[in-house]
Amino acid sequence: MKTVFSGIQPSGDMHVGNYIGAIRNWITLQDQYRSFFCVVDYHAITQDYAVKEMGRRVFDMAVDILALGVDPDKATLFVQSMVPEHTELCWVLNAVTGHGDLERMTQFKDKSEHQPENINAALFEYPVLQAADILLYKAELVPVGQDQVQHIELARRIARSFNHRWGKVFPECEPKLTPVAKVLGLDGQQKMSKSLNNHLPLAAMEDKPLRKLLGRAVTDVKRVERTDPGDPDVCNVFAWHGMFSTEEDRAWVREGCTTAGIGCVDCKGRLAERMVAHFAPYRERRAELLAHPERVKDTLHAGAEKARAVAKKTMDEVRHKLGLWR
Ligand code: TRP
């Protein structure tokens, strides 16, 4: 059975982009593969953050992952910093990572532009830690969105360099692209993300707040007046319908939009209904978990223990190959 590894940053505010882009896929994969899913808090410290909020963010993320349907009986869910072998392997992999390769990472360039006052070495190193995450569990498949493909390809190159220099330990990993490669935000232009504040948080999956948020969502910009016909194929709200609505809904929207029979408000209203219904079981499970935080804590401790057993074995193998003294 192949092994899957994926990680998510503890933004603490899970949104539709995370769900469609990652977690929904994890839920399918956990039935088919040996799966490790990780809240990557050591990755998160590469950007500025409020120290007081970090613990809560990690916990909330874990709650959301569980509430959405990741099942600890099927997959191993854990927090990165609870398995110190991640940073240990990262150091070793540094020795077989090309500086020039890291310089070519587009996400590093983007993030450096985004926070020019804090371009730290860990931000540069980020993809090496990500490679360590994956290789520690000898994962072959890495479910990610399009924006992470470059990192996964680098991880494969790092694995090859390690095997070449010290002997074969790691398999070659490949990205497993999510069916929807990119979920755009309320602006209809950029990838949905909390930092851009263009996101639909799962916390807003109630009728009123959701309708209010969707009110801000950019539709077909050429449809200015209610009487103008619109083009669903260039409308990001219609793309969201594709993720949550039925085929009949979409036919109704297409017909109504192209003939100006319905307005954007009607279209968004239908979407809101579908999304609220879609996330109703999540909301229920989330409330249940929040009422029993000790269950979440137990799950994360058990997950870290399971992950650590595997990680320790890999590190023993790595140290042996490196010729270190014991
Ligand atoms: N860099 C990923 C992101 O920002 C998160 C991540 C960290 C990850 N380690 C990983 C994803 C390992 C896949 C595998 O989305």
Side-chain angles (χ1 to χ4, degrees), residues 13-32 64 67-70 143-147 176-194 196-286:
D13 204 0
M14 177 88 73
H15 57 69
V16 167
N18 305 136
Y19 171 62
I20 298 288
I23 312 297
R24 190 177 62 168
N25 210 19
W26 295 6
I27 294 162
T28 321
L29 294 172
Q30 68 182 352
D31 288 321
Q32 304 158 17
D64 278 340
L68 285 168
V70 166
V144 284
Q146 188 61 49
D147 65 319
K176 184 159 175 58
L177 276 183
T178 34
V180 180
K182 199 169 182 182
V183 181
L184 300 181
L186 289 163
D187 53 20
Q189 287 190 330
Q190 287 174 283
K191 182 184 163 182
M192 187 181 287
S193 96
K194 191 189 174 191
L196 294 171
N197 193 29
N198 66 356
H199 62 309
L200 290 169
L202 297 196
M205 291 303 145
E206 281 175 282
D207 191 61
K208 263 209 181 140
L210 184 57
R211 275 173 202 263
K212 194 163 162 226
L213 261 175
L214 287 177
R216 264 173 59 203
V218 174
T219 57
D220 173 5
V221 286
K222 292 217 187 83
R223 188 173 190 199
V224 183
E225 306 287 339
R226 163 71 177 77
T227 48
D228 295 338
D231 180 1
D233 295 316
V234 302
C235 178
N236 185 43
V237 173
F238 190 67
W240 290 340
H241 266 287
M243 301 163 198
F244 298 103
S245 300
T246 64
E247 229 163 275
E248 293 81 65
D249 291 325
R250 291 197 287 280
W252 174 78
V253 170
R254 186 175 287 284
E255 165 71 20
C257 179
T258 51
T259 59
I262 64 166
C264 292
V265 177
D266 308 307
C267 167
K268 289 175 176 180
R270 178 68 61 91
L271 177 63
E273 271 174 49
R274 294 306 183 220
M275 288 178 88
V276 169
H278 182 91
F279 289 107
Y282 150 80
R283 290 171 52 82
E284 215 170 283
R285 281 194 295 257
R286 180 170 180 277

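Residues take their numbers from the sequence shown, with the count starting at 1. For clarity, every value in this text was computed on a predicted model and none was experimentally measured. Only heavy atoms go into these numbers, but all of them, side chains included; no hydrogens, no water, no symmetry mates.
To the nearest 0.5 Å, atoms CE (Met243) and CD1 (Ile20) are separated by 5.5 Å. Rounded to the nearest 0.5 Å, atoms CH2 (Trp240) and NZ (Lys268) are 8.0 Å apart. Rounding to the nearest 0.5 angstrom, the gap separating the CG atom in Leu202 from the CE atom in Met275 is 8.0 Å. Annotation: the span from Asn18 atom CG to Asp13 atom CG amounts to 8.5 Å, rounded to 0.5 Å. Between the CG atom of Leu186 and the CG atom of Leu196 there is a distance of 11.0 Å, given to the nearest 0.5 Å. To the nearest 0.5 Å, atoms OH (Tyr19) and CG (Leu68) are separated by 6.5 Å.
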Could you give the side-chain donor-acceptor pairs of residues 205-212 under 3.5 Å, partners two or more places apart or in another chain?
from	atom 1	to	atom 2	distance (Å)
Asp207	OD1	Arg211	NE	2.9
Asp207	OD1	Arg211	NH2	3.4
Asp207	OD2	Arg211	NE	3.3

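Taking the six-membered ring where the residue is Trp, Phe279 and Tyr282 present perpendicular rings, their angle passing 60° and hence far from 30°.
Counting only residues at least two apart or in different chains, side chain to side chain donor-acceptor pair (under 3.5 Å) contacts with residues 183-192 comprise Asp147-Lys191, Asp187-Asn198.
For Arg223, the side chain to side chain contact (heavy atoms under 4.5 Å, CB included) partners are Asp220, Arg226, Asp228, Cys257, Ala260, Cys264, not counting sequence neighbours. Applying the salt bridge (charged side-chain N to carboxylate O under 4.0 Å, His left out) test to Arg270 and every residue at least two apart in sequence or in another chain returns Asp249. Qualifying side chain to side chain contact (heavy atoms under 4.5 Å, CB included) partners for Glu248, counting only residues two or more places apart in sequence or in other chains: Thr246. Here Arg254 pairs with Asp233 under the salt bridge (charged side-chain N to carboxylate O under 4.0 Å, His left out) rule; sequence neighbours left out.
The number of heavy atoms from other shown groups lying within 6.0 Å of NZ (Lys194) is above 12. Heavy-atom neighbours of Gln32 CD from other residues, nucleotides or ligands within 6.0 Å: above the threshold of 12.
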Please evaluate residues Asp231 and Lys222 with respect to the criterion side chain to side chain contact (heavy atoms under 4.5 Å, CB included), reporting the C-alpha separation (whole Å), side-chain torsions for both, the decisive distance (0.1 Å), and the verdict. CA-CA 8 Å; Asp231 180 1; Lys222 292 217 187 83; over 6 Å; no

Are Cys235 and His241 close enough, and set up right, to give a side chain to side chain contact (heavy atoms under 4.5 Å, CB included), and what steps lead you there? CA-CA 10 Å; Cys235 178; His241 266 287; over 6 Å; no

